[in-house]
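Values below: all heavy atoms of this structure, side chains included; hydrogens, waters and symmetry mates excluded.
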Amino acid sequence: MKTLKTLALALALLLALSGCGVITSDDGPTQVVGGSAPAEEEQPSQEEAQPEEVPVEDVQLRVGALKGPTAMGLIRMISDDGVNSYTLAGSADELTPKLIKGDLDIICVPANLAAVLYNKTEGQVATLAVNTLGVLYIVENGGETVRSMADLKGRTLVAAGKGSTPEFGLRYLLEQNGLDPDKDVTVDWKSEHAECVAALAAGTADLALLPQPFVTVAQGKLENLRVALDLTAEWDALDNGSAMITGVAVARRDLAEQRPELVDAFLEEYAASVDWVNENTAQAAELIAAQGIIESPAVAEKALPHCNIVCLTGQEMFEKLSGYLQVLSEANPQSVGGALPRDDFYYGA
């Protein structure tokens, strides 16, 4: 009887231990208290482990642009966009440090500056679009003696922008039209465009190289001032596949590579905004004045058709911009940051 009781007790103890379960590891058996051993925890798939991406329409892009033609094409987005934020600046120096530090995602700046940024950051920016073609014009006050580049031979004109893209573009066009920029034409370089307008008004100059919207402003002050040459049209007449370019939109490379759907959605809206601006100049001019880009709606409306606002992307952007940067690089390598950008500089090309 005593033996039977002992067997019964041993059997009960065995059943109790089997109810608790035992997990064996490299370190020896580990007791799991309370119920049977749990099944191995199912690991989430790599797709499940990734944080859920915010939908495109809910992501705020931080966009910067210069007050002037490079911002005009954005004006409908600036005025109506309820998601993205926009910063307007008077100088590129206010925007480029913020892009490099990650405080801005996209900025609209001069074309050559985009190449400089690419080299300075070792390729950490990409150009999304050409947003402004050439805005440079040669104007003549009180005469009609200049109707071609050849007519500039032996003449003097005032201009601003020595050592930068206005000088490089002018020299290239003179050379392509058989003129020696250092012998055949005299350029009286001023520190700013307002000085050029003052020289025209004072009668100390009758020819000037001016950009829009300064041309329109000057025409409002000088009754007999006319556009003698459109340098964008003169460049196009060379038919070399490139174009005279003023501004581009660039983005941080990490944004372009990690969220291309955001970039593509932005470019789609940008193109629509540019089309609207070019088709509705009176309404666009009101918005431009309201944002302080150009103070007078009347001046903005007159200037808009001559500001060559576009949204060129992909292969078209690559062909026109790479050719333009090539011209600048040959004139002065430092104007593009010391070296031409590689192909990865051109988003979607």
Side-chain angles (χ1 to χ4, degrees), residues 66-70 89-94 96 109-117 119-120 132-141 146 149-218 225 227-232 234-235 238 242-248 307-308 324-340:
L66 296 175
K67 291 183 177 180
T70 56
S91 166
D93 292 339
E94 299 175 49
T96 53
V109 292
N112 72 304
L113 179 56
V116 171
L117 279 173
N119 285 308
K120 182 177 181 180
T132 318
L133 296 176
V135 295
L136 289 173
Y137 297 82
I138 290 177
V139 295
E140 182 175 13
N141 191 31
V146 174
M149 296 297 296
D151 292 336
L152 292 173
K153 186 171 184 178
R155 303 296 296 274
T156 297
L157 65 152
V158 291
K162 182 174 176 57
S164 61
T165 52
E167 179 183 11
F168 303 144
L170 177 61
R171 290 181 65 89
Y172 174 71
L173 287 172
L174 290 172
E175 290 169 353
Q176 293 299 306
N177 284 274
L179 300 179
D180 184 335
D182 299 312
K183 296 179 179 179
D184 294 331
V185 179
T186 300
V187 181
D188 179 9
W189 292 102
K190 305 295 185 183
S191 60
E192 56 186 34
H193 302 302
E195 287 185 58
C196 299
V197 176
L200 291 171
T204 56
D206 58 355
L207 293 173
L209 176 66
L210 290 175
Q212 286 287 3
F214 277 94
V215 173
T216 300
V217 172
L225 188 70
V227 172
L229 297 172
D230 175 351
L231 295 197
T232 304
E234 295 298 325
W235 195 299
L238 300 176
S242 68
M244 176 171 270
I245 294 172
T246 298
V248 298
C307 287
N308 292 317
Y324 177 66
L325 294 178
Q326 178 71 47
V327 169
L328 297 186
S329 179
E330 290 174 357
N332 184 346
Q334 293 309 311
S335 68
V336 297
L340 287 171

* Asked: Is there a side chain to side chain contact (heavy atoms under 4.5 Å, CB included) between Arg171 and Asp182 once you walk through the steps?
  -> CA-CA 9 Å; Arg171 290 181 65 89; Asp182 299 312; 2.9 Å; yes
* Could you go step by step and tell me if Leu231 and Tyr172 meet the side chain to side chain contact (heavy atoms under 4.5 Å, CB included) rule? -> CA-CA 11 Å; Leu231 295 197; Tyr172 174 71; over 6 Å; no
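Once rounded to the nearest 0.5 Å, the distance linking CG of Leu174 with NZ of Lys153 reads 12.0 Å. Residue Asn332 holds its CG atom at 11.5 Å from OG1 of Thr165, rounded to the nearest 0.5 Å.
A 4.5 Å side-chain heavy-atom check between Val139 and Phe214 finds every atom pair outside the cut-off. Contact check for Leu173 versus Trp235: side-chain heavy atoms found under the 4.5 Å cut-off. Side-chain atoms of Leu152 and Leu229, non-hydrogen and from C-beta on, do get closer than 4.5 Å to each other. By the 4.5 Å heavy-atom criterion applied to side chains, Leu207 and Thr156 are not counted as neighbours. Residues Asp206 and Arg155 have side chains in contact (heavy-atom distance under 4.5 Å, counting atoms from C-beta outward).
Of all heavy-atom pairs between Leu136 and Pro211, the closest is CD2-CB, 4.0 Å. Shortest non-hydrogen contact noted between Pro69 and Pro213 is CD-CD, 4.4 Å. Scanning both residues, Gly178 and Asp184, for their nearest heavy atoms gives O-OD2, 4.4 Å. Scanning both residues, Cys307 and Thr132, for their nearest heavy atoms gives O-CG2, 3.2 Å. When all heavy atoms of Leu170 and Leu209 are compared, the closest pair comes out as CD2-CD2, 4.2 Å. A pairwise comparison of heavy atoms in Ala218 and Leu210 identifies CB-CD1, 4.3 Å as the closest pair.
Under the 3.5 Å distance criterion, the side-chain polar atoms of Glu234 are left unmatched by any main-chain donor or acceptor of Met149. Judged purely by atom type and a 3.5 angstrom limit, Tyr137 has no side-chain atom pairing as donor or acceptor with the backbone of Val227. With hydrogens and angles disregarded, no donor-acceptor distance shorter than 3.5 Å links the side chain of Thr70 to the backbone of Gly247. Although no hydrogens or angles enter the test, the distance criterion places a donor-acceptor pair under 3.5 Å between the side chain of Asn308 and the main chain of Gly134. A donor-acceptor distance shorter than 3.5 angstrom exists from the side chain of Asn119 to the backbone of Ala339, with no hydrogens or angles considered.
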Enumerate, atom names and distances included, each donor-acceptor pair closer than 3.5 Å involving a side-chain atom of residues 191-205, sequence neighbours excluded.
{"residue": "Ser191", "atom": "OG", "partner": "Glu195", "partner atom": "OE2", "Å": "2.1"}
{"residue": "Glu195", "atom": "OE2", "partner": "Ser191", "partner atom": "N", "Å": "3.4"}
{"residue": "Thr204", "atom": "OG1", "partner": "Ala199", "partner atom": "O", "Å": "3.2"}

